[in-house]
Amino acid sequence: MAMNELRTQVAVVGGGPAGSLLAYLLRLEGIDSVVIERRSRDYVLGRVRAGVIEHGTAQLLRDVGLGERMDAEGFVHDGVNLAFGGSLLRIDFRGLIDRYVVIYGQTQLQRDLYDALDRAEIPLLDESDDVTLDGIEGTEPTVTFRRHGETHTIRCDYVAGCDGVHGVTPQYIPGSLRRTYERIYPFVWVGVLSPTPPVNDELIYANHETGFALCSMRNEHLSRYYVQGSADDSVDDWPDDRFWETLSLRLPPDVAETLVTAPSIDKIVTPLRSFVAEPMSFGRLYLAGDAAHIVPPTGAKGLNLAISDVYYLSRALAERYRTGSEEALQSYSDRALSRVWKAVRFSWWMTQLMHRFPGVHDDFDRKIQRTELEYLAGSEHARRAMAENYAGMPL
Ligand code: RFL
Ligand code: PHB
C-alpha cells in the first residue's frame with residue numbers, strides 16, 4: 001500500500017513518553033499502531049525533563065519488558081528530604097510504606113521506548129506536521145499530516161491524542177462538552193544540568209524565605225538543580241553565578257558547603273501550572289498525558305501520569321479488540337481522571353507547601369506553611385500520607 005494511504009488500528013499522535021509507550025503496549029496485545037511525531041527523533045531524545053519514576057510505574061515498566069536499563073542505570077531512592085529552618089526532614093518511603101522511587105531521566109526512558117518501537121518495527125513517523133483529524137465521531141477516523149513535503153492520510157479505528165501541552169488533538173473535543181480546570185502559579189522554575197556529583201544522595205526540596213530550590217540528579221556525575229524564579233524571568237536573567245548563589249543560599253548551610261558547581265550544560269525556565277480538561281475522550285479520540293492535563297513539577301508526577309493514562313488506555317483498547325466490547329473505552333476517561341486528580345491535588349499541595357507566593361501569601365499563609373512542615377516533622381501519619389502520594393498511588 002502506498003505510504004500516503006496507510007491503514008492501522010490505532011493512530012497515535014505524539015511520540016513522547018505517552019505515545020511511544022502506548023504504541024508499544026498495544027503491540028504486546030497484537031494491536032497495530034503508527035506514531036506520528038512533529039519533532040525529529042533526535043530532538044525528542046535530547047529534551048531534558050522529568051527524573052522520578054514512581055514505585056508502581058517502575059514495576060509496570062519491568063512487567064512489560066522495559067525495565068532492564070532502568071534497573072541497571074537508575075537509582076532506587078528510599079526517601080526524599082524537605083529542607084526548611086536550616087535542616088533536613090527525611091520522608092522515609094521504605095520505612096513508612098515499604099515503597100521507593102527510581103531516579104531515571106525521562107531522556108533515558110524515551111531512548112528505551114524508541115529502541116523498543118524500533119525492535120517491534122512500529123512506525124515512528126517523526127517530522128510530521130499539520131496534523132488534522134476527521135471522522136472521529138464515525139467508525140473510521142482519519143489522521144492527515146504533512147511529512148517531508150508530502151501529504152499523508154492514515155485510516156484507523158481509533159486515535160490516541162498524546163501530543164502534549166501544545167498538541168492539536170484536544171481541540172477536537174467540542175468546547176460545549178469540555179470543561180477545564182486551571183491554576184497558574186505566580187513563579188517559574190529555573191533548571192540547570194550540571195556535570196558535577198549530586199550534593200546529596202537523595203533529592204532535597206527546599207523551602208527558604210527567599211524561595212524554593214530542588215536538588216535532583218541523573219547519575220554520579222550529573223546533577224539536576226532547580227530554583228524558583230519570578231514569573232517573567234527568562235534564561236538570560238539567570239547566569240550561572242546567580243543560579244549557584246541562589247541555590248546555595250536556599251539550602252541548609254551544611255548541605256550548601258558540599259555543593260560542587262560547574263558551568264551548566266543545559267538551562268531551562270519552565271512555568272508552573274495545574275490544568276485538567278474533562279472528559280479525556282470524544283467519539284473515537286482518546287487523550288493521554290500532557291495533552292489532557294498538566295501538573296506543576298513539584299510532585300514529579302507529569303511523566304508518571306502519562307504512563308498510567310496509557311496503561312489504562314491500552315487495557316481498554318485490548319478489551320475492545322479481544323471481546324468487541326467498548327465498555328472499558330467508555331469508562332477510560334473517568335478511570336484515568338480519578339488517578340489524575342489525586343496527582344493534581346498532591347502536586348498542588350507540594351507546590352503550596354514549598355514555594356514563596358509573592359504578592360499572594362501574607363503572614364498568615366506563611367505561618368500555615370511553616371506549621372504544615374512542622375506537622376510533617378512531628379507526625380508519622382502525616383509523613384506516611386506524603387510518602388504514599390510521592391511514591392505513587394496504585395495504578
Ligand atoms: P510530551 O512529552 O510533551 O510528548 C508529546 C509529544 O507530542 C509531540 N507533538 C506533536 N506531534 C504531532 N503533531 C502535533 N501537532 C504535535 N504537537 C506536539 C511533541 O513534539 C512531543 O514529542 O507529552 P507526554 O508524552 O504526555 O509526556 C508527558 C511528560 O513529558 C511530561 O508530563 C513531563 O515531562 C512534564 N515535565 C516534568 N515532569 C516531571 O515529572 N518532572 C519534571 O522535572 C518535568 N520537567 C516537564 C518538565 C515538561 C516540560 N515541558 C516543556 C512540557 C520540563 C518541561 C520543559
Ligand atoms: C528532576 O530530576 O528533573 C526532577 C525531580 C523531581 C521533581 C522535578 C524534577 O519534582
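Remember, it's 1-based here, ligands and their atoms both numbered in the order they're listed.
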Below a 4.0 angstrom heavy-atom separation, can you tell me which part of [X], side chain or backbone, both or neither, approaches ligand 1?
X: Tyr226; value: side chain
X: Ala306; value: side chain
X: Ile294; value: neither

Audit row: Asp309, His293, side-chain hydrogen bond (donor to acceptor under 3.5 Å, both in side chains) steps and yes/no: CA-CA 11 Å; Asp309 284 355; His293 41 73; 2.6 Å; yes
Between [X] and [Y], does at least one N-O distance fall below 4.0 Å, as a salt bridge requires?
X: Glu388; Y: Arg384; answer: no
X: Asp157; Y: Arg7; answer: yes
X: Arg27; Y: Glu121; answer: no
X: Asp71; Y: Arg62; answer: yes

Tell me the protein heavy atom at minimum distance from [atom], and give that distance in Å.
atom: atom 20 (O) of ligand 1; result: Glu37 OE2, 2.6 Å
atom: atom 3 (O) of ligand 2; result: Tyr226 OH, 2.6 Å
atom: atom 5 (C) of ligand 1; result: Cys162 O, 3.4 Å
atom: atom 34 (O) of ligand 1; result: Gln106 OE1, 2.8 Å
atom: atom 55 (C) of ligand 1; result: Thr270 OG1, 4.1 Å
atom: atom 15 (N) of ligand 1; result: Val168 CG2, 3.7 Å
atom: atom 27 (O) of ligand 1; result: Pro17 CD, 3.6 Å
atom: atom 31 (C) of ligand 1; result: Asp290 OD2, 3.2 Å
atom: atom 4 (O) of ligand 1; result: Gly16 CA, 3.5 Å

Numbered atoms of ligand 2 (with element) below 4.0 Å of [X], judged on heavy atoms:
X: Pro297; answer: 7 (C), 8 (C), 10 (O)
X: Leu203; answer: 5 (C), 6 (C)
X: Tyr205; answer: 6 (C), 7 (C), 10 (O)
X: Thr298; answer: 10 (O)
X: Val52; answer: 5 (C), 6 (C)
X: Arg224; answer: 3 (O)
X: Ala300; answer: 6 (C), 7 (C), 10 (O)

Mind listing the closest non-hydrogen atom pair of Gly15 and Ser20 along with its distance?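 Nearest pair, atom of Gly15 first, then Ser20: O-OG, 3.7 Å.
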Closest non-hydrogen atom pair, Ala83 against Ile204: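 For Ala83 and Ile204, the tightest heavy-atom pair comes out as CB-CG2, 3.8 Å.
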Among the heavy atoms of Arg218, does any lie under 4.0 Å from an atom of ligand 2?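 Yes; Arg218 lies near enough to ligand 2 that a heavy-atom distance drops under 4.0 Å.
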Any non-hydrogen side-chain atom of [X] less than 4.5 Å from a side-chain atom of [Y]?
X: Leu303; Y: Gln106; value: yes
X: Arg38; Y: Glu127; value: no
X: Asp115; Y: Arg111; value: yes
X: Cys215; Y: Asn200; value: no
X: Pro170; Y: Asp163; value: yes
X: Val64; Y: Leu25; value: yes
X: His361; Y: His355; value: no

Quick check on contacts: which atoms of ligand 1 are under 4.0 angstrom from a heavy atom of [X]?
X: Gly302; answer: 32 (O), 40 (O)
X: Gly164; answer: 3 (O), 5 (C), 23 (O)
X: Ile36; answer: 11 (N), 12 (C)

Check each heavy atom of [X] against ligand 2 and say whether those closer than 4.0 Å belong to the side chain, the backbone, both or neither.
X: Ser216; value: side chain
X: Arg49; value: backbone
X: Trp189; value: side chain
X: Ile103; value: neither

Quick one: list whatever passes ring-ring contact (aromatic ring centres under 6.0 Å, His included) with Trp238, sequence neighbours left out.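 By the ring-ring contact (aromatic ring centres under 6.0 Å, His included) rule, Trp238 matches no residue at all.
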Heavy atoms only: which of [options] lies closest to [atom]?
atom: atom 51 (C) of ligand 1; options: Arg39, Arg49, Gln110, Lys301; result: Arg49
atom: atom 38 (N) of ligand 1; options: Ser20, Ala288, Ala50; result: Ala50
atom: atom 7 (O) of ligand 1; options: Val35, Leu214, Asp163; result: Asp163

Min heavy-atom dist Arg224 to ligand 1 below 4.0 Å: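 No; Arg224 lies far enough from ligand 1 that no heavy-atom distance drops under 4.0 Å.
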For atom 36 (N) of ligand 1, is the nearest protein heavy atom closer than 4.0 Å?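 Within 4.0 Å of atom 36 (N) of ligand 1, no protein heavy atoms are found.
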Judging by distance only, is a nitrogen or oxygen of Tyr390 under 3.5 angstrom from one on ligand 2?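 No; every N/O pair is 3.5 Å or more apart.
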Mind checking whether Gly299 has an N or O less than 3.5 Å away from an N or O of ligand 2?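 No; the residue has no nitrogen or oxygen that sits under 3.5 Å from a nitrogen or oxygen of the ligand.
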For ligand 1, is there an N or O atom under 3.5 Å from any N or O atom of Arg38?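 It does: an N or O of Arg38 is found under 3.5 Å from an N or O of ligand 1.
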Would you check whether Val13 has a nitrogen or oxygen atom less than 3.5 angstrom from a nitrogen or oxygen atom of ligand 1?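 No, no N or O pair falls under 3.5 Å.
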Does a side chain donor of either Ser325 or Thr323 reach within less than 3.5 Å of an acceptor in the other side chain?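 Distance-only check fails for Ser325 and Thr323.
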Aromatic ring proximity, centroids under 6.0 angstrom, Tyr226 and Phe212: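 No, they do not, as the ring centres are separated by 6.0 Å or more.
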Centres of the Trp341 and Tyr181 rings: under 6.0 Å?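 Yes: the rings meet the under 6.0 Å criterion.
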Is it the case that Arg39 places NZ or CZ above or below the six-membered ring of Tyr43, under 6.0 angstrom from the centre and within 45 degrees of the axis?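 Arg39 over Tyr43 ring: yes.
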By side-chain hydrogen bond (donor to acceptor under 3.5 Å, both in side chains) - contacts of Tyr24 (at least two apart):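 side-chain hydrogen bond (donor to acceptor under 3.5 Å, both in side chains) check on Tyr24 returns nothing, list empty.
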